[in-house]
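Notes follow once the structure below has been shown.
Order of appearance sets the numbers: ligands from 1, and atoms from 1 within every ligand.
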Amino acid sequence: MSLHEKSLRELSEDLHAKKISSVEVTQYFLDRIHQHDKTLNSFITVAAEHAIAQARAADARLAAGNAAALTGVPIAQKDIFCTQGIRTSCGSRMLDNFISPYDATVVAKLNQQGVVMLGKLNMDEFAMGSSNETSFYGPVKNPWNTECVPGGSSGGSAAAVAARLTPAATATDTGGSIRQPASLCGLTGLKPTYGRVSRYGMIAFASSLDQAGSITQNAEDAAMMLNAVAGFDPKDSTCVDRPVPDYTATLADSLKGLKIGLPKEYFGEGLDPKVGDVVHAAIDQYQQLGAELVEISLPNSGLSVPAYYVVAPAECSSNLSRFDGVRFGYRCKDPQDLEDLYKRSRGEGFGAEVKRRIMIGTYALSAGYYDAYYLKAQKVRQLISDDFKQAFAKVDVIMGPTSPSVAFKFGERSDDPISMYLSDIYTIAANLAGLPGMSIPAGFAHELPVGLQIIGNYFDEARLLNVAHQYQLNSDWHQQMPASFK
Ligand code: GLN
C-alpha cells in the first residue's frame, strides 16, 4: 500500500511503530504536491523547508518516546488560519503580502502535537463562495473531474485531500464551507459546534457563524483531528469551556436504537433526484444497522438562505473594515490623501464577491434598514434554532443531502450569485443554529461523489463521528480515489 493510500490513523501507527520516519512521509507528500498540484491549484503556499524541519523535530520526539497521537503526520492548513512567519492570504489580494506574526490556536495546538504542516491551501476569497472561483490565486479543480469545481470555500482543502496530496486538512465552515466541498470531493467533513474549537487567529468572515473543523478521508481521522484542536481558549471569548472527550473512544458504539430524523424539507424541490437516490440508499443502510427512521419537519428551512445572506454580509462588512491599507495588507500606489488610500486600497485589494457582501452588509446595518433586515434576520435565526430544538427532542441525529447537486462546471453559477448561494441550502441552517454537522461520502451520481449530511445536537460531535464511522465500517465510498490521482 502506497503512503498516500493510508489514512491519518494508519500513518500515525506506522510512525509510532517506526516503520517509517516523519521526514520520509513528509518528503513523499511534498513530492506528490510537486507532481500533481500544477493541475489542481489546491495549494497557495507550499512550505517545504518548514515542513522538513518540523518532520525532523517530530522524528526526534518519536525516538524519545514522548510523541502524541498525531506526531510526525503531515497535514495542510486552509489559508485562513494565521501561521507565524508564513504567508496567510485568505485567498485575497488584500493579504497577498501578509506574513502573520502569530499562530492561530488551531495551528498552535497542532504544532504542540508535533503535526507537520505541508503548506497553506487555496480557498474562496475571505471564505466567501461555494466553488473556489473567487480566490485571488485562481480556481481549484475537482480531482474527480477537472472541468468541475471542488466546492467552496474550503475547495483547496477538499481537492488536496481527494487527490491525496495531504492525508488531511483543516477547513472552516460559515455556511457550509467544510461540508459542501467534502461532499463534492467524496470526503469526510466535520464542522463542530460553534464554540467547540477556538476561532483565535482564524481570519474572521462572519464571527457568529464561523467554525473551524477538518476535511479527512474518514470519520476516524476526523476524530483524531478534533481531539487535537477542540477545547477552551481564553483568547476566544466565544469558545466554550467544557471538557473534551476522547472522540475516538466511542467510534465503535452500536447504532441499535439510534433515532434518525429525516426533515421532509430536505428532500423536496431543488434536489437532484439522482443525488436523492444515493442519500436514500445510505439512510436505508442505517436502518439495517439498527437505526430507526423518523420523519420530522424543520418548517423554517426555506428561510435559512435569506436570513444567512443578511447576517453573514452584515458581520463581514464590520469584520473586513479593518483592511484599510493602513496597518497591514495591500496598499494602493501613491495615495493622494487618506480617503484615496482607503478607497483605492479596498477597491483594488478586494474581489467582486467580497465587495458585493460588504455593500449588502453595510446597507442592511444602516440606520433605517437595520430593523427591516438585520433585526428581522436575527429573529428568523431564532426560529430556525427552535425548529432544531424541537426536532432533537424526538431524534438523536438528522440526516439528508449535503448539497442539492454534485460538483458543477466552472462558470456555471459564477455569474448568478443566487444560484451559487443555493448550493448551501441544506448546510446553512446548522451554522445559524450553531449545531455540529458532517458530510460523509455515500456514493456517486453522474459519476461524481455525493455526500450524506448528518447534523447533531450541541456538542454531540462524539455521536456524529460514531454514526459516520459505523457507516464507513459497512461501506467503501470513503476509500474510493479519483482515477488520475491513484
Ligand atoms: N458558500 C457560503 C458563502 O458563500 C458559505 C461560505 C462558508 O461557509 N465560508 O457564504
For atom 8 (O) of ligand 1, which candidate among G175, A171, P181, A127 provides the closest heavy atom? G175
What residue and heavy atom of the protein are closest to atom 10 (O) of ligand 1, and at what distance? Y308 OH, 2.6 Å
Can you report which non-hydrogen protein atom sits closest to atom 1 (N) of ligand 1, along with the distance? D424 OD2, 2.5 Å
Look at K274 together with D277 and state whether they make a salt bridge at an N to O cut-off of under 4.0 Å. no
Write out the residue and atom name of the closest protein heavy atom to atom 4 (O) of ligand 1, then the distance separating them to 0.1 Å. R357 NH2, 2.7 Å
Has A312 got any heavy atom lying under 4.0 angstrom from an atom of ligand 1? no
Do E353 and R356 sit within salt-bridge range, that is, some charged N less than 4.0 Å from a carboxylate O? yes
D371/K376 salt bridge by N-O under 4.0 Å criterion: no
Examine G176 against ligand 1 and note whether any of their N/O atoms are separated by less than 3.5 Å. yes
Non-hydrogen atom of Y421 closer than 4.0 Å to ligand 1: no
With backbone taken as N, CA, C and O and side chain as the heavy atoms from C-beta onward, which portion of T174 lies under 4.0 Å from ligand 1: side chain, backbone, both, or neither? both
Which atoms of ligand 1 are found less than 4.0 Å from any heavy atom of S153? 9 (N)
Kindly give the heavy-atom pair with the smallest separation between S345 and M94, and that separation in Å. O-CE, 3.6 Å
When only distance counts, is F205 in polar contact with ligand 1, meaning an N/O pair under 3.5 Å? no
Do me a favour and list the nearest non-hydrogen protein atom to atom 7 (C) of ligand 1 with residue, atom name and distance? S177 OG, 2.4 Å
If we ignore hydrogens and angles and just use 3.5 Å, is the side chain of T166 paired with the main-chain N or O of A169 as donor and acceptor? no
Surrounding NZ of K355 (heavy atoms of other residues, nucleotides or ligands, distance under 6.0 Å), is the total greater than 12? yes
Report yes or no: does a heavy atom of Q180 sit under 4.0 Å from some atom of ligand 1? no
Output the list of atoms in ligand 1 that are nearer than 4.0 Å to some heavy atom of M128, sorted by atom number. 4 (O)
N-O pairing of D236 and R199 below 4.0 Å: yes
What orientation do Y363 and Y373 show, parallel under 30°, tilted 30 to 60°, or perpendicular over 60°? tilted
Minimum-distance protein heavy atom relative to atom 3 (C) of ligand 1: Y309 OH, 3.2 Å
Do R346 and D324 meet the salt-bridge criterion of a basic N to acidic O distance under 4.0 Å? no
Test your reading of the structure: does D173 have an N or O sitting under 3.5 Å from an N or O of ligand 1? no
Going by an N to O cut-off under 4.0 Å, is there a salt bridge joining R87 and D79? no
